[in-house]
Amino acid sequence: MLKINLTDDIFYVGVNDRKTELFENHMELPNGVSYNSYLIVDEKVALIDPVEVSFMAEFLFKIKTVLGERKIDYLVINHDEPDHSGAVRAIVQEYPEVQVIGNAKTFGPLEAFYGPLNNKMIVADGETLCLGKHTLQFFTVPMVHWPESMVTYEQTNKILFSNDAFGGFGALNGCIFDDEANLDFYEDDMRRYYANIVGKVASQVVKAVQKLAPVEIKMIAPSHGLVWRSNLQWVFDRYVKWSTGGNDEGVVIAYGSMYGNTALMADIIARGVAEAGVKDIKIYDVSKTEVSHIISDIWKYKGCVIGASAHYGSVFPDMTLLLHELTEFKPMNKVYGVFGGMSWGGGGVKYINGIADKNEWQRPMESVEVKGAPYRQEDVERLYNLGKAIGEAVKNN
Ligand code: FEO
């Protein structure tokens, strides 16, 4: 097995998951995902985060390729979520003397998941641990992505083991480090990960970045995705932009349509957006595209137009998950519009309005509700004008 060095004494021992179809059993993984783990070999040996448990055999093989018969002294748990902590019990069984390191909030959930642990070490925010040549420092970053989350800073080489922060979807296809990869290739997967995993806690992300600002960082080693050693500003810039409501010029139109009439409305709206001069227009059918992809593009672009047919006086069912996620995640600083078909009695547009208004987005025009198919000239103009108004508002931003 190859050894992959971050430094002479620090090794990448993570795994690639290309078999899981749905991350957290609800988000598609067309390009897989990596569960990153790192070994620091010094007078004491520290393992920074285990991996998802079904990869234990491969994980152990990689650890032993680096360590041989040496033991692991410390297992740092930056995050309790099972995509990382899943192998904790297996590691403890393999290395019974290992001390498991977490903060005051780590062990409640961890032992609830995996049962009692014998050798626990609770570290305080900012506390250090000397391994020999390397000293680790622990910083809590609550809610990035769970309440117990922390990051581990290796002071000697100035490496931040950043947990979920600065991570992304996408297995590591040979390229482990940012300067080995085409970053454009990973950006969509990074943003989809951000938008659906930590976007909900964007304000906590900002706090974490501010907290770590005084710390000199030469390398970021997250728990998913590329290790950053050459393009730290590239990833920082994106995280700050995504966390503070920065948007690209473009419009996402997401619709739910039973018989194609609401879909046709989306096309008319899109034409208005295009004639306002907006070039990036994404149209999604919520019954066809898994919602994490739509959320990711809504996070990216300034304009968001949501439409659905009515269904039993409410909204087309497949639209409800997107609306729920938008209410929970609250992408910031959007221009939005609402449209839809009445079916026999309406209700879909009213439902969408009720939820979409909660996000305090800019709304340049009232919603458009259409009876039947959008063939009457009056309806065509209302829909086109909605698109034009959204497009112009996006351009003016
Ligand atoms: Fe990658 Fe929040 O776990």
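Just so you know, ligand 1 is whichever comes first in the structure, and atom 1 is the first atom listed for that ligand.
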Note to self: Below the 2.8 Å mark, what number of protein N, O or S atoms do you get around atom 1 (Fe) of ligand 1?
What the structure shows: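 Excluding waters, the total comes to 4.
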Notebook entry, point to check: Salt bridge or not for D80 and K105, using N-O below 4.0 Å?
Noted result: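 The answer is no: the pair does not qualify as a salt bridge.
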Check: Between R376 and E381, is there a side-chain N and carboxylate O pair less than 4.0 Å apart?
Finding: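 No.
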Notebook entry, point to check: Can you name the residues that form a side chain to side chain contact (heavy atoms under 4.5 Å, CB included) with D17, not counting sequence neighbours?
Noted result: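 D17 satisfies side chain to side chain contact (heavy atoms under 4.5 Å, CB included) with K19, T20, V33, Y35, F55 only.
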Check: With sequence neighbours excluded, what pairs up with K71 under the side chain to side chain contact (heavy atoms under 4.5 Å, CB included) test?
Finding: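 Y95.
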Notebook entry, point to check: Which salt bridge (charged side-chain N to carboxylate O under 4.0 Å, His left out) pairs, counting each pair once, include a residue from residues 314-342, with sequence neighbours left out?
Noted result: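 Those involving residues 314-342 are K200-E328.
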Check: How are the rings of H79 and W146 set relative to one another: parallel (under 30°), tilted (30 to 60°) or perpendicular (over 60°)?
Finding: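 The arrangement is perpendicular - the two ring planes meet at more than 60°.
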